[in-house]
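A short write-up of the structure that comes next.
Not measured: the values here are computed from a predicted model. Convention: sequence-line order gives letters A, B, ...; per-chain numbering from 1.
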There are 2 protein chains.
Amino acid sequence: MSPKQQRGEATVDLLLTTALRVYAESGQQGFTVNAIVAASGVSLGSLYHHFGSFDGLAAALYIRCMDQLCDDMVASLTRCRTARTGIRTWVASYLRFTRENRDIALFLHASAYSGYLVAHAEEIGAAKAAKFAAITDWLRVRVERGEIAALPAPVIEVLVMGPVTEVARRWLSSTYEIDLAEVTRLLPDLIWRSLRPDQDGAEPRSRTTA
Amino acid sequence: MSPKQQRGEATVDLLLTTALRVYAESGQQGFTVNAIVAASGVSLGSLYHHFGSFDGLAAALYIRCMDQLCDDMVASLTRCRTARTGIRTWVASYLRFTRENRDIALFLHASAYSGYLVAHAEEIGAAKAAKFAAITDWLRVRVERGEIAALPAPVIEVLVMGPVTEVARRWLSSTYEIDLAEVTRLLPDLIWRSLRPDQDGAEPRSRTTA
DNA sequence: ATTCAACTAGAGGAAGATTCTAGAAACAGG
DNA sequence: CCTGTTTCTAGAATCTTCCTCTAGTTGAAT
């Protein structure tokens, strides 16, 4: 299972990094084996030796990018105790990650429907679920404490991730003009509004009880 | 400018309709000129006579689908007077459209980054902006009346469209399991919460003034 | 009858994913 | 240090797929 030589690991890394750069520079059109091979200097044989197919490389890259994003989000989220700061931090960290890792964000958004990961859909789904488990747990605890409105987990996820991914999409597409700084200032609070346990004047239970 | 024969219009329509069906059945992979030609019975030359290129057909299909969606949303929205019902109806209508027109929604979501519309990006952008103008106007009026929080237009759009498109994405991908009926029941109110002018007990101005 | 849009059929050719064979580099045991 | 084995690299050749173009036909309108 584990490689007996570590020279391959470096080429794998080089290939993935180059692939991401190629995608960022040339878009979906130019995202091809030849381009990646040419840009990386690695041979075609090496590529197929390590990934088996082009889709294999794309799937590996997708998983690698998603892991980075998820690790970043989970780290930000789990550092927070209260629901309010947690949600706000979650939102802010996604936007920050997008700004600081444009290439990764672009690839993630574009690949969602891109077809080259249909073959590895199960694998990717599993990886994503594993990473999201930490987030779901964090949310469940706060919902049980009454710090977040009693909603199904998917609805909460959608209310947070929805606006944020939409902003990212627009910022990445560069046809819209989005003031990312302003949005980062406004969104966390606005999203939190839709998740507060109740809005009719009652104080959050964390103050009155426990 | 106007066609001297109207037989072409029928062919164009047949091609677009078939293309959508092919996409729904075969996905990105099977979305090719040959497949469309075979499924429609129209000849390859005809296709090129009308659309000039494969990308041309894809762009035309994209615009047609987007028009349908936008017209539906605009019709639902402009029928509403108050901000609250408007926003809630907007959300509900998008979800209803997605449920009732799965193929269209799928194509729209998947094509966003798909690369075959890069060539016609300007054209598409213009068409989209034109359709969205009605929505933006509707929003501006309500913001000026104080019925909606004083936020930049993009932020409002993102808060509404974000969660809704995210739900659609999940429902379409079929790896997530989304209870669309339940979401349709919950989301409109939740989204409205993030847009209400203020949440600290003050009544909406429409009641106290004017 | 002429004209022009609409259409048909099929060839051409480019591009890209994959396979294959050959060889270099690391590793293990003697 | 030598040798067999596995991992890895190399790049040409292949095979498939798909977009585009050309040349010619049909048929409605004037």
Side-chain angles (χ1 to χ4, degrees), chain A residues 1-23 25-62 110-111 114-120, chain B residues 1-23 25-62 110-111 114-120:
Chain A
M1 275 300 182
S2 63
K4 305 217 170 166
Q5 298 181 22
Q6 58 274 61
R7 139 180 80 138
E9 204 165 340
T11 38
V12 164
D13 220 66
L14 175 59
L15 280 171
L16 291 178
T17 303
T18 308
L20 186 63
R21 202 185 65 232
V22 167
Y23 191 94
E25 287 170 359
S26 316
Q28 200 91 264
Q29 307 282 349
F31 191 52
T32 129
V33 265
N34 292 328
I36 295 168
V37 163
S40 66
V42 175
S43 80
L44 214 48
S46 270
L47 192 156
Y48 275 85
H49 175 71
H50 289 293
F51 295 106
S53 71
F54 180 68
D55 291 4
L57 182 147
L61 179 56
Y62 184 83
S111 298
S114 279
Y116 35 62
L117 35 71
V118 228
H120 305 75
Chain B
M1 277 300 181
S2 65
K4 304 216 167 165
Q5 298 181 21
Q6 59 275 64
R7 135 178 83 134
E9 204 166 339
T11 310
V12 166
D13 221 65
L14 175 60
L15 280 171
L16 291 179
T17 304
T18 307
L20 186 62
R21 202 184 66 232
V22 166
Y23 190 94
E25 287 171 358
S26 316
Q28 201 91 263
Q29 308 281 349
F31 190 53
T32 144
V33 266
N34 291 327
I36 294 168
V37 163
S40 66
V42 177
S43 80
L44 212 47
S46 241
L47 191 156
Y48 274 86
H49 175 70
H50 290 293
F51 295 105
S53 72
F54 179 68
D55 290 4
L57 182 146
L61 179 57
Y62 184 84
S111 299
S114 279
Y116 35 64
L117 35 71
V118 249
H120 305 76

Heavy-atom nearest pair, A/Gln28 first then A/Tyr116, reads OE1-OH, 3.1 Å
Whole angstroms only, please: what is the CD-P distance between A/Glu9 and C/dA26?
15 Å
A/Ile36 has an atom CD1; how far is it from atom P of C/dA15, in whole Å?
17 Å
Main-chain N/O of B/Ser114 paired to B/Ser111 side chain as donor or acceptor, under 3.5 Å
no
Hey, is the side chain of B/His50 poking within less than 4.0 Å of OP1 or OP2 on C/dC7, counting only N and O atoms?
yes
Just how far, in rounded Å, is P of D/dT9 from CG of A/Leu14?
10 Å
Heavy-atom closest pair, residues B/Val22 and B/Ala39:
CG2-CB, 3.9 Å
Five pairs at each end of the helix from C/dA1-D/dT30 to C/dG30-D/dC1: take the axis at both ends and give me the angle between them to 10°.
10°
Side chain of B/Leu44 (C-beta onward), nearest among C/dG16, C/dG10, C/dT8:
C/dG10
Quick one: A/Phe31 CZ to C/dA17 C1', roughly how many Å, whole number?
13 Å
Can you measure B/Phe54 atom CZ to D/dC18 atom P for me and round it to whole angstrom units?
10 Å
Determine: side-chain N/O of A/Ser53 to OP1/OP2 of C/dA17, distance under 4.0 Å, yes or no.
no
When you check the phosphate oxygens OP1 and OP2 of D/dT9, does a side-chain N or O of A/Thr11 lie under 4.0 Å from one of them?
yes
Picking from D/dT20, C/dT18, D/dA10, which would you name as closest to the side chain of B/Tyr48?
D/dT20
Just so I know, are the side chains of B/Phe54 and B/Leu47 near enough to count as touching, which here means a heavy-atom distance under 4.5 Å?
no
Comparing A/Gly52 and A/Gln29 on DNA chain C - which has the more 5′ nearest nucleotide
A/Gln29
Looking only at the side chain of B/His49 (C-beta and beyond, no hydrogens), which of the listed nucleotides D/dT20, C/dA6, D/dT9 gets closest?
C/dA6
What residues form a side-chain hydrogen bond (donor to acceptor under 3.5 Å, both in side chains) with B/Thr17, not counting sequence neighbours?
B/Arg64
Are any of B/Ser46's side-chain N or O atoms less than 4.0 Å away from OP1 or OP2 of C/dT8?
yes
Whole-Å distance between D/dC18 P and B/Leu47 CG?
14 Å
Can you tell me if the side-chain N/O atoms of A/Thr32 get under 4.0 Å from OP1 or OP2 in C/dA17?
yes
Short side-chain N/O contact to D/dA10 OP1/OP2 from A/Ser43, under 4.0 Å
yes
What one should report as the nearest heavy-atom pair of A/Gln29 and B/Val118 is NE2-CG2, 3.7 Å
Whole-Å gap separating P (D/dA10) and CG (A/Leu15)
10 Å
Side chain to side chain contact (heavy atoms under 4.5 Å, CB included) partners of A/Leu20, counting only residues at least two apart:
A/Leu61, A/Cys65, A/Asp103, A/Ile104, A/Phe107
